[in-house]
Amino acid sequence: DGGITQSPKYLFRKEGQNVTLSCEQNLNHDAMYWYRQDPGQGLRLIYYSQIVNDFQKGDIAEGYSVSREKKESFPLTVTSAQKNPTAFYLCASTSYTRDQPQHFGDGTRLSIL
Amino acid sequence: GDSVTQMEGPVTLSEEAFLTINCTYTATGYPSLFWYVQYPGEGLQLLLKATKADDKGSNKGFEATYRKETTSFHLEKGSVQVSDSAVYFCALSATSGGSYIPTFGRGTSLIVHP
């Protein structure tokens with residue numbers, strides 16, 4: 001079955017450490033997205049990519065970085081510059097048409113040690 | 001820019017009650033409209049969608065009608081179950097300048113008691 005796989009499900013970060021969250025899709029979608037969700041809050045866009053080797057900042061990109069070397073993969077790195085990284089991170093993808101929904105992974109919960 | 005406004009939650013209902021979650025939008029283009037559902041600890045799943053005015057999306061007893069004249073897409077269900085307890089997100093998508101960035105509401109938490 002096609003879908004989006006995020007890993008790991010739970011991740012712990014030490015002070016001063018960079019961590020990378022994985023997102024892989026086998027839906028042949030062009031566009032991929034990273035969102036941050038805090039308790040009781042909606043989704044905030046971190047980065048998005050419409051095509052391989054290109055990506056754009058979203059509303060809260062500071063302290064995060066991404067790459068898009070393959071169509072299937074869009075990893076997110078939470079750097080030590082992100083001072084409040086504890087949150088639920090969601091990856092999504094979609095074909096690039098107005099009437100198609102986003103498909104979401106099951107998320108990664110990141111906590112500080 | 002585009003925006004989506006949902007009623008604030010939590011919405012608390014007894015089993016078999018009627019559900020309405022209000023959603024209104026503003027968009028510069030002609031958007032498609034979506035409702036997503038999120039269960040605890042999971043990602044969002046598409047619940048239903050509508051792509052043009054007067055379309056009705058439906059799934060699992062939930063319905064929503066695309067009302068262009070009132071810029072609304074309210075979610076309804078005639079008889080809720082405990083298993084419907086989740087967070088519901090209204091969203092729109094419209095292409096603008098070649099970009100495709102869906103816009104989400106803040107989500108409405110639904111709690112259904114037995």
Side-chain angles (χ1 to χ4, degrees), chain A residues 2-10 21 23-25 27 29-51 54-61 87-111, chain B residues 1-10 23 27-53 55 57 59 64 66 73 86-111:
Chain A
I4 296 186
T5 301
Q6 289 188 243
S7 63
K9 191 164 179 66
Y10 300 95
L21 285 60
C23 178
E24 303 277 333
Q25 54 101 357
L27 298 165
H29 284 165
D30 291 310
M32 297 186 74
Y33 309 79
W34 275 106
Y35 295 94
R36 170 178 171 144
Q37 188 175 32
D38 293 284
Q41 301 296 310
L43 305 178
R44 291 189 288 171
L45 182 64
I46 305 173
Y47 270 98
Y48 66 99
S49 169
Q50 302 170 14
I51 195 169
D54 187 53
F55 48 83
Q56 308 295 327
K57 292 182 179 180
D59 300 320
I60 56 165
F88 190 52
Y89 290 87
L90 287 165
C91 180
S93 72
T94 187
S95 58
Y96 214 65
T97 58
R98 152 192 172 280
D99 61 344
Q100 293 302 310
Q102 287 184 306
H103 294 250
F104 285 82
D106 282 337
T108 293
R109 189 165 300 280
L110 176 61
S111 303
Chain B
D2 298 346
S3 67
V4 174
T5 303
Q6 292 182 233
M7 61 189 291
E8 293 215 7
C23 171
T28 52
Y30 189 179
S32 291
L33 302 173
F34 306 87
W35 276 102
Y36 293 86
V37 59
Q38 184 181 32
Y39 299 102
E42 297 183 8
L44 279 67
Q45 305 171 27
L46 177 69
L47 182 59
L48 53 84
K49 73 174 186 180
T51 59
K52 60 183 189 295
D55 264 3
N59 186 24
Y66 190 144
F73 193 53
V87 180
Y88 293 81
F89 290 89
C90 184
L92 68 82
S93 74
T95 52
S96 175
S99 292
Y100 175 84
I101 305 177
T103 302
F104 287 84
R106 290 176 61 106
T108 301
S109 175
L110 171 64
I111 301 169

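Each chain gets a letter, A, B and so on, in the order its sequence line appears, and its residues count up from 1. Computation of the quantities below employed the complete heavy-atom set of this structure, encompassing side-chain atoms and omitting hydrogens, waters and symmetry-equivalent molecules.
Within the 4.5 angstrom heavy-atom criterion, atoms from both the backbone and the side chain of Leu44(B) approach chain A. For Gln100(A), the parts lying near chain B are the backbone and the side chain together; criterion is any non-hydrogen pair under 4.5 Å. Of the atoms belonging to Tyr30(B), heavy atoms from both backbone and side chain fall under 4.5 Å from chain A. For Ile4(A), no part lies near chain B; criterion is any non-hydrogen pair under 4.5 Å. Of the atoms belonging to Pro31(B), it is backbone heavy atoms, and not side-chain ones, that fall under 4.5 Å from chain A.
No hydrogens or angles considered: a donor-acceptor pair under 3.5 Å links the side chains of Thr108(B) and Gln6(B).
Within a 6.0 Å sphere centred on NZ of Lys9(A), heavy atoms belonging to other residues, nucleotides or ligands number more than 12.
With a 4.5 Å cut-off on side-chain heavy atoms, Leu90(A) and Gln102(A) do not count as touching.
Within the structure, the salt bridge (Lys or Arg N to Asp or Glu O under 4.0 Å) test picks out the following pairs touching residues 29-45 of chain A (sequence neighbours left out): Asp30(A)-Lys71(A), Arg36(A)-Asp38(A), Asp38(A)-Arg44(A).
Within the 3.5 Å criterion, the main-chain N or O of Pro8(A) finds a donor-acceptor partner in the side chain of Thr108(A).
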